[in-house]
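See below for the structure under consideration.
This is a predicted model, so every value here is computed, not measured. In the text below, chain A, chain B and the rest are named by the order of the sequence lines, each starting its count at 1.
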There are 2 protein chains.
Amino acid sequence: MQENVTEALPRPAEQGTLLDRVRSLVLGGEYPPGAPLSEVLLAEEFGVSRTPIREALKQLQHEGLVEIRPKVGTFVREPTRREIVELFQLKEGLEGLAAGLLARRGPVPELDVLERNVEDSVVAAAEQDAERYASLVHEFHWTIIRGSDNRKLVEHYDRLMNQLAYHRMVVRTAEHPGRIRTSTEEHRAVLDMIMAKDHFGAEAAMRNHVYASSRELLTDSATAHESSLL
Amino acid sequence: MQENVTEALPRPAEQGTLLDRVRSLVLGGEYPPGAPLSEVLLAEEFGVSRTPIREALKQLQHEGLVEIRPKVGTFVREPTRREIVELFQLKEGLEGLAAGLLARRGPVPELDVLERNVEDSVVAAAEQDAERYASLVHEFHWTIIRGSDNRKLVEHYDRLMNQLAYHRMVVRTAEHPGRIRTSTEEHRAVLDMIMAKDHFGAEAAMRNHVYASSRELLTDSATAHESSLL
DNA sequence: TCACGTTCTCTTGCATGCAACAGAACGTAC
DNA sequence: GTACGTTCTGTTGCATGCAAGAGAACGTGA
């Protein structure tokens with residue numbers, strides 16, 4: 001059952017460095033929070049020795065994804081509710097910053113991508129295609145982040161999202177039809193500001209949007225699986 | 001000569017984890033950018049084997065401080081000018097965010113620290129005590145960052161500053177009497193906004209301040225040692 | 001003098017072995 | 001039944017050995 005999940009996916013974990021593969025394993029949700037990640041087992045699973053596994057786990061520790069208890073073991077780390085709130089605050093700051101930076105740039109290809117994205121989102125929303133909508137939301141945010149033309153920002157955002165990616169909380173927005181409509185309008189508002197080169201307004205609109213969706217997710221999770229988050 | 005430098009300092013590198021010690025070594029400037037960091041030499045220097053050194057270097061690579069060329073060696077990494085600009089943009093965003101968050105919080109002890117800090121800064125500026133002034137600036141910024149009460153923000157900011165801490169560029173502000181006065185006034189403005197609980201104004205004031213000082217540093221370095229940064 | 005093939009050295013990458021420790025499991029005394 | 005001391009198993013931490021590769025150094029031919 002657990003294995004079937006990985007089998008069903010396009011196996012993104014099979015590609016890339018060992019670190020990426022181990023990270024995908026942790027983020028994949030196959031190991032629930034608190035589950036032990038034995039170095040020897042992982043070593044066997046990936047067909048390498050303990051040493052490179054150790055290096056990867058150490059890195060994941062610094063990324064906040066696992067916890068290494070000396071002489072005891074390595075465990076999948078569950079972020080506290082407080083941390084999630086903090087991460088969303090950061091997300092708001094970084095995405096706002098990115099939107100502002102993008103607005104300052106001239107006419108760049110990212111704008112076309114965003115325009116089509118918003119149009120497609122409207123369609124996906126009308127068709128109630130939750131999966132496609134979630135995918136478009138993902139693209140929208142990442143396009144703006146990358147559109148900032150600031151690689152360090154992208155790096156930090158990536159780190160942030162990895163920590164936030166737990167529990168596939170990301171796609172939950174798609175389940176609320178009411179929120180979808182609001183969310184689409186907010187995307188539209190952000191894009192308008194960017195195209196108007198109003199970097200101040202773009203940042204404000206983006207932050208407003210991120211804040212609204214994070215509030216949605218936080219209140220959601222609080223009621224849905226309060227025990228695991230609080 | 002090189003050894004004497006470490007001997008002369010209060011040896012902050014002697015404390016903390018191995019990672020911290022190696023990081024201090026790199027940031028200490030004893031190894032110029034591009035200098036090789038041999039695993040075996042470091043292992044001897046720290047009295048451990050290659051393995052823990054390797055782990056530390058790998059981590060420093062992810063922090064952007066060193067570059068590991070496979071099968072060739074590990075080298076102190078020199079950030080490009082573009083990266084420095086990107087980092088300053090991020091710095092502006094994070095410090096602005098922190099100032100805003102701090103302003104939202106009620107009357108917290110950080111406010112007293114900041115108040116005294118600004119007062120002391122005025123004195124230090126009047127007395128032309130550059131070292132003390134630089135120290136106070138450092139405290140001012142970190143107090144606001146920590147005052148955000150957002151540990152994830154602190155973590156990201158710490159990472160950021162490590163990358164920016166190269167070449168002790170940080171203290172250069174102290175060399176410009178004109179900039180000092182402006183800088184102090186900007187600190188005062190930020191503090192006023194925070195104490196007025198104007199989180200919007202606090203963020204704006206902070207960003208304005210960070211932007212101004214980063215412009216100062218960037219134009220400085222461009223003229224001073226253009227070759228090494230561009 | 002220059003171009004080119006070869007050796008040679010130094011580096012990292014990874015596998016493995018052993019020691020140290022945490023914590024569970026167990027037995028024992030009361 | 002309970003508290004406590006002991007063993008025992010599993011885990012990580014680190015040292016070491018060996019192999020593979022990159023690049024310098026060198027020699028050789030023209």
Side-chain angles (χ1 to χ4, degrees), chain A residues 2 13-79 163, chain B residues 2-3 13-79 162-163:
Chain A
Q2 296 281 47
E14 284 296 336
Q15 242 77 343
T17 64
L18 184 71
L19 172 60
D20 291 332
R21 294 174 65 187
V22 178
R23 191 192 287 111
S24 299
L25 206 67
V26 174
L27 259 49
E30 318 181 34
Y31 294 84
L37 293 166
S38 166
E39 290 180 3
V40 285
L41 287 180
L42 290 176
E44 289 174 12
E45 175 147 354
F46 287 103
V48 295
S49 93
R50 278 179 52 212
T51 311
I53 295 289
R54 269 185 69 74
E55 288 177 354
L57 288 178
K58 205 104 195 241
Q59 176 56 25
L60 291 182
Q61 180 187 34
H62 282 100
E63 291 182 13
L65 296 182
V66 306
E67 177 187 0
I68 300 179
R69 303 231 303 267
K71 304 281 189 179
V72 176
T74 305
F75 306 88
V76 178
R77 194 164 175 288
E78 167 142 55
Q163 292 186 68
Chain B
Q2 295 281 47
E3 290 77 358
E14 285 295 338
Q15 242 77 345
T17 64
L18 185 70
L19 172 60
D20 291 333
R21 293 174 63 187
V22 178
R23 191 192 290 111
S24 299
L25 206 66
V26 173
L27 260 48
E30 317 181 35
Y31 294 83
L37 292 165
S38 165
E39 291 180 2
V40 284
L41 287 180
L42 289 177
E44 288 174 12
E45 173 146 357
F46 286 104
V48 295
S49 96
R50 278 178 52 212
T51 310
I53 295 288
R54 271 185 66 75
E55 288 176 354
L57 289 179
K58 206 105 195 240
Q59 176 56 25
L60 291 182
Q61 180 188 31
H62 282 99
E63 290 182 14
L65 296 181
V66 307
E67 177 189 0
I68 300 180
R69 303 229 305 266
K71 303 281 188 182
V72 177
T74 304
F75 306 89
V76 178
R77 193 164 175 289
E78 167 143 51
N162 274 341
Q163 292 185 68

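- In this structure, B/Tyr31 and B/Val26 have side chains that are not in contact, with every pair of non-hydrogen atoms separated by 4.5 Å or more.
- In DNA chain C, stems built from 3 or more consecutive Watson-Crick or G-U wobble pairs, each with both distances under 3.5 Å, span C:1-30 with D:1-30.
- The nearest whole Å value for the distance from the NZ atom in B/Lys71 to the C1' atom in D/dG21 is 5 Å.
- The nearest pair of heavy atoms linking A/Val22 to A/Ala56 is CG2-CB, 4.2 Å.
- Of all heavy-atom pairs between B/Ala43 and B/Arg50, the closest is CB-N, 4.0 Å.
- Annotation: side chain of A/Gln59 is not in contact with side chain of B/Lys58 (no heavy-atom distance under 4.5 Å).
- When the options B/Leu42, B/Thr74, B/Val40 are evaluated for a side-chain contact (heavy atoms from CB on, under 4.5 Å) with B/Ile53, the one that passes is B/Leu42.
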Item checked: Candidate pair B/Leu65 and B/Arg77, rule side-chain contact (heavy atoms from CB on, under 4.5 Å), full reasoning -> CA-CA 5 Å; B/Leu65 296 181; B/Arg77 193 164 175 289; 6.0 Å; no
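- Mapping heavy-atom proximity under 4.0 Å, the span of DNA chain C touched by chain B runs 5' to 3' from C/dT11 to C/dG13.
- Near-neighbour residues of DNA chain D inside residues 49-61 of chain A, defined by a heavy atom below 4.0 Å, number-ordered: A/Arg50, A/Arg54.
- Along DNA chain D, the nucleotide nearest B/Arg69 and the nucleotide nearest A/Leu41 are compared for position; the residue whose nucleotide lies closer to the 5' end is A/Leu41.
- Residue A/Leu27 holds its CG atom at 10.0 Å from CD of A/Gln163, rounded to the nearest 0.5 Å.
- Side-chain contact between A/Arg54 and B/Thr51 is absent, with no heavy atoms from C-beta onward closer than 4.5 Å.
- For the pair B/Pro32 and B/Val76, the tightest heavy-atom approach, listed with the atom from each and the gap, is O-CB, 3.7 Å.
- In this structure, the separation between CG on B/Leu25 and CG on B/Leu37 is 7.5 Å, given to the nearest 0.5 Å.
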